[in-house]
Novice: 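Can you keep this structure in mind? I'll have questions shortly.
By convention in this document, chain letters (A, B, ...) are assigned in the order of the sequence lines, proteins followed by strands, and residues within each chain are numbered from 1. Remember, it's a predicted structure, so these values are computed and weren't measured experimentally.
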There are 2 protein chains.
Amino acid sequence: MTSAQTPEEPEPEAARQLPPATVSRLTLYLRMLNGLLAEGVERVSSDSLAESAGVGSANVRKDLSYLGSYGTRGVGYEVANLSRKIAQALGLTHEWRVAIVGAGNLGRALARYAGFESRGFDVVALLDADQMLVGTEIGWLRVSDAADLEEVLAKTRANMVVLALPASVAQSVCDRVVDAGVHSILSFAPVVLNVPDYVNLRKVDMATELQILAYHAQRLQVPGLDAERPSA
Amino acid sequence: MTSAQTPEEPEPEAARQLPPATVSRLTLYLRMLNGLLAEGVERVSSDSLAESAGVGSANVRKDLSYLGSYGTRGVGYEVANLSRKIAQALGLTHEWRVAIVGAGNLGRALARYAGFESRGFDVVALLDADQMLVGTEIGWLRVSDAADLEEVLAKTRANMVVLALPASVAQSVCDRVVDAGVHSILSFAPVVLNVPDYVNLRKVDMATELQILAYHAQRLQVPGLDAERPSA
DNA sequence: CCATGTGAAAGGCTTCACAGCA
DNA sequence: TGCTGTGAAGCCTTTCACATGG
């Protein structure tokens with residue numbers, strides 16, 4: 001690879017499209033690297049990273065190779081440098097302002113979740129349609145009226161939205177968010193949302209996760225079914 | 001709920017190993033089917049299911065074919081029958097008793113999340129190590145002392161555990177859960193947990209989801225030009 | 001030596017296209 | 001006719017194995 005065959009711009013450090021599976025593992029590596037940074041560790045090997053992240057070391061090396069060759073053969077990777085490269089590739093050098101729509105149990109939990117702040121995501125608004133909640137304080141935020149969604153998004157210059165609301169209203173709120181120009185959405189609503197394909201939508205569904213667990217648990221409980229034999 | 005008194009299903013125990021990607025889509029289909037059931041719809045086509053679930057129709061048909069041939073050519077699938085088959089394949093005919101460890105913001109939100117109950121998951125315990133919380137009532141549950149984890153799991157006969165606690169204690173609590181004999185675990189802690197390979201562990205990481213969104217958002221915002229700053 | 005970086009092989013998933021059947 | 005069920009092709013991901021170079 002690295003052949004100078006590209007007839008177009010050489011693109012010095014711009015990472016091209018990363019495989020989705022790689023992107024999600026990069027977030028893992030970044031977490032481990034930041035842990036190592038805090039401990040003062042300066043170098044790390046792909047083997048060591050692999051063990052912490054629970055993947056194969058060849059996988060780690062291939063993932064990192066998409067970012068460029070930032071390791072040193074025979075030695076490993078420089079923690080601080082690699083951490084910076086990954087953060088850059090993931091777009092964490094931008095400032096991300098997150099609005100949470102839905103101040104129910106889950107929305108409140110998310111609003112107070114320290115993990116967002118510490119990773120560079122700034123929760124700038126919390127909205128709900130329930131007039132009983134509007135105006136109350138949760139964490140350090142005052143709950144805004146979901147009726148004013150567009151204004152609140154504009155005023156806070158939110159560029160990400162988290163949907164923490166019932167399935168019944170998720171689609172309509174989602175549509176308004178998209179129309180308002182926010183095209184990165186994380187939904188916790190247990191429903192499939194339709195969005196234009198220029199919108200980045202991710203979904204977390206807790207009931208689905210439990211159902212997947214149930215499948216695997218049940219499979220183990222059935223005796224004698226899966227005795228994988230090389231050949232009978 | 002729906003105590004499955006499976007009458008006479010003379011099937012050969014179907015449900016061999018399903019592809020993981022299929023399992024997670026089956027939970028989607030099941031949700032749509034139950035919606036259709038509630039509306040009184042009797043039949044559905046793979047095209048229609050595909051559109052609701054946001055996948056290709058060939059994908060739907062292949063997924064369903066792993067369960068057997070329960071469709072009718074030229075017509076479609078019988079909603080009630082298919083719903084039953086999927087629930088059976090996913091192991092939802094068992095009764096799943098879930099203990100939630102961690103009664104912080106997230107743990108409380110989960111304890112009150114209606115989506116669990118309605119899908120056949122019974123939240124039987126909520127535990128925390130904080131003595132200020134122990135004994136208080138959250139939803140219809142009384143918070144138990146995490147020090148008594150093993151006893152609580154045994155007494156409630158929990159067969160699934162949800163970890164909603166800080167990264168710092170997640171591994172040790174996880175170990176105790178595994179030793180106590182609960183081998184299906186859903187973790188919300190932002191840390192990689194090590195478990196024996198006979199344990200089913202799934203992970204939901206909200207900060208990771210936002211980081212993946214950030215990657216894609218950044219990608220769109222800077223189509224050709226990375227040049228945030230051409231670092232010297 | 002040692003650990004990275006990477007072609008090539010292997011495995012898994014999705015999509016295609018159409019045969020088969022009500 | 002219309003929609004299911006499915007081999008085959010294509011694409012993506014992981015794993016292997018080893019050349020490479022500090």
Side-chain angles (χ1 to χ4, degrees), chain A residues 1-5 15-29 32-33 36 41-79 81-82 85-86 89 197 212 215-216 228 230, chain B residues 11 14 16-29 32-33 36 41-79 81-82 85-86 89 197 212 215-216:
Chain A
M1 209 168 270
T2 71
S3 60
Q5 245 177 331
R16 65 198 75 252
Q17 182 89 324
L18 301 172
T22 292
V23 172
S24 89
R25 280 188 302 267
L26 285 176
T27 69
L28 269 189
Y29 306 152
M32 333 255 78
L33 289 168
L36 293 174
V41 177
E42 292 184 1
R43 276 181 266 114
V44 67
S45 69
S46 63
D47 263 323
S48 157
L49 263 184
E51 192 185 334
S52 314
V55 302
S57 66
N59 210 332
V60 171
R61 291 197 299 278
K62 173 110 18 188
D63 286 339
L64 297 180
S65 77
Y66 287 116
L67 308 182
S69 295
Y70 296 120
T72 306
R73 290 170 197 246
V75 178
Y77 301 87
E78 210 185 304
V79 173
N81 183 42
L82 190 56
K85 294 299 185 203
I86 293 178
D197 53 9
I212 294 174
Y215 166 74
H216 291 289
E228 285 196 355
Chain B
E11 42 194 277
R16 288 290 182 277
Q17 177 98 291
L18 300 173
T22 292
V23 173
S24 91
R25 279 188 302 267
L26 285 176
T27 69
L28 268 189
Y29 306 152
M32 333 255 78
L33 289 168
L36 293 174
V41 177
E42 291 184 1
R43 275 179 268 119
V44 68
S45 69
S46 62
D47 262 322
S48 158
L49 263 184
E51 192 185 335
S52 315
V55 302
S57 65
N59 211 331
V60 172
R61 291 197 299 278
K62 180 138 310 205
D63 286 339
L64 297 181
S65 77
Y66 288 115
L67 309 182
S69 295
Y70 297 120
T72 305
R73 290 168 198 248
V75 177
Y77 301 87
E78 211 184 306
V79 173
N81 183 43
L82 190 55
K85 293 299 184 204
I86 294 179
D197 52 9
I212 294 174
Y215 167 75
H216 291 290

Novice: Round to a whole Å and report the spacing from CD of A:Gln17 to C1' of D:dC12.
Specialist: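 One finds 13 Å between C1' of D:dC12 and CD of A:Gln17, rounded.
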Novice: Under 4.0 Å from OP1 or OP2 of C:dA3: is there any side-chain N or O of A:Ser46 that close?
Specialist: no
Novice: Hey, does B:Tyr66 have a side-chain heavy atom less than 4.5 Å from the side chain of B:Gln17?
Specialist: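 In short, these two side chains do not touch, never coming nearer than 4.5 Å.
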Novice: Let me know which of A:Asn59, A:Leu64, A:Val60 forms a side-chain contact (heavy atoms from CB on, under 4.5 Å) with A:Ser46.
Specialist: A:Val60
Novice: If you check the A:Lys62 side chain, which of D:dT13, D:dA19, C:dA8 turns out closest?
Specialist: C:dA8
Novice: Whole angstrom is fine here: how far is it from CG in A:Asp63 over to P in D:dT14?
Specialist: 7 Å
Novice: OP1 or OP2 of D:dG5 less than 4.0 angstrom from a side-chain nitrogen or oxygen of B:Tyr77, does that happen here?
Specialist: yes
Novice: Considering heavy-atom distances to DNA chain D, does A:Arg73 or A:Pro20 have its closest nucleotide positioned more toward the 5' end?
Specialist: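 The residue mapped nearer the 5' terminus is A:Pro20.
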Novice: Without decimals, in angstroms, what is the distance between A:Leu67 CG and C:dG5 P?
Specialist: 10 Å
Novice: Can you confirm whether B:Leu28 sits close enough to B:Leu49 that some side-chain heavy atom of one is under 4.5 Å from a side-chain heavy atom of the other?
Specialist: no
Novice: Is any side-chain heavy atom of B:Leu26 closer than 4.5 Å to one of B:Tyr29?
Specialist: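 SC-SC contact between B:Tyr29 and B:Leu26 confirmed.
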Novice: Round to a whole Å and report the spacing from OH of B:Tyr66 to C1' of C:dT14.
Specialist: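 For the pair B:Tyr66 OH and C:dT14 C1', the rounded distance is 10 Å.
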Novice: When the distance from CZ of B:Arg43 to P of D:dT4 is rounded to whole Å, what number comes out?
Specialist: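 Checked: the CZ to P distance equals 12 Å.
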Novice: Starting at atom CZ of A:Arg61, determine the distance to atom P of D:dC16, rounded to an integer number of angstrom.
Specialist: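 Going from CZ in A:Arg61 over to P in D:dC16 covers 11 Å.
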Novice: Please compare A:Arg25 and A:Val75 by the position of their nearest nucleotide in DNA chain D and report the one closer to 5'.
Specialist: A:Arg25
Novice: Which one, C:dG5, D:dT13, C:dT14, comes nearest to the side chain of A:Pro19?
Specialist: D:dT13
Novice: What is the distance, to the nearest angstrom, from the OH atom on A:Tyr70 to the C1' atom on D:dG22?
Specialist: 19 Å
Novice: Tell me whether the side-chain N/O atoms of A:Thr72 come closer than 4.0 Å to OP1 or OP2 in D:dG22.
Specialist: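 No.
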Novice: For A:Asp47 and B:Asn59, find the nucleotide of DNA chain C closest to each by heavy atoms; which residue's nucleotide sits nearer the 5' end?
Specialist: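 Going by which nucleotide is closer to the 5' end, it is A:Asp47.
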Novice: Find out whether B:Glu42 and B:Val79 are in side-chain contact, i.e. whether some heavy atom of one side chain is under 4.5 Å from a heavy atom of the other.
Specialist: no
Novice: Between D:dC12 atom P and A:Leu18 atom CG, what is the distance in whole Å?
Specialist: 14 Å
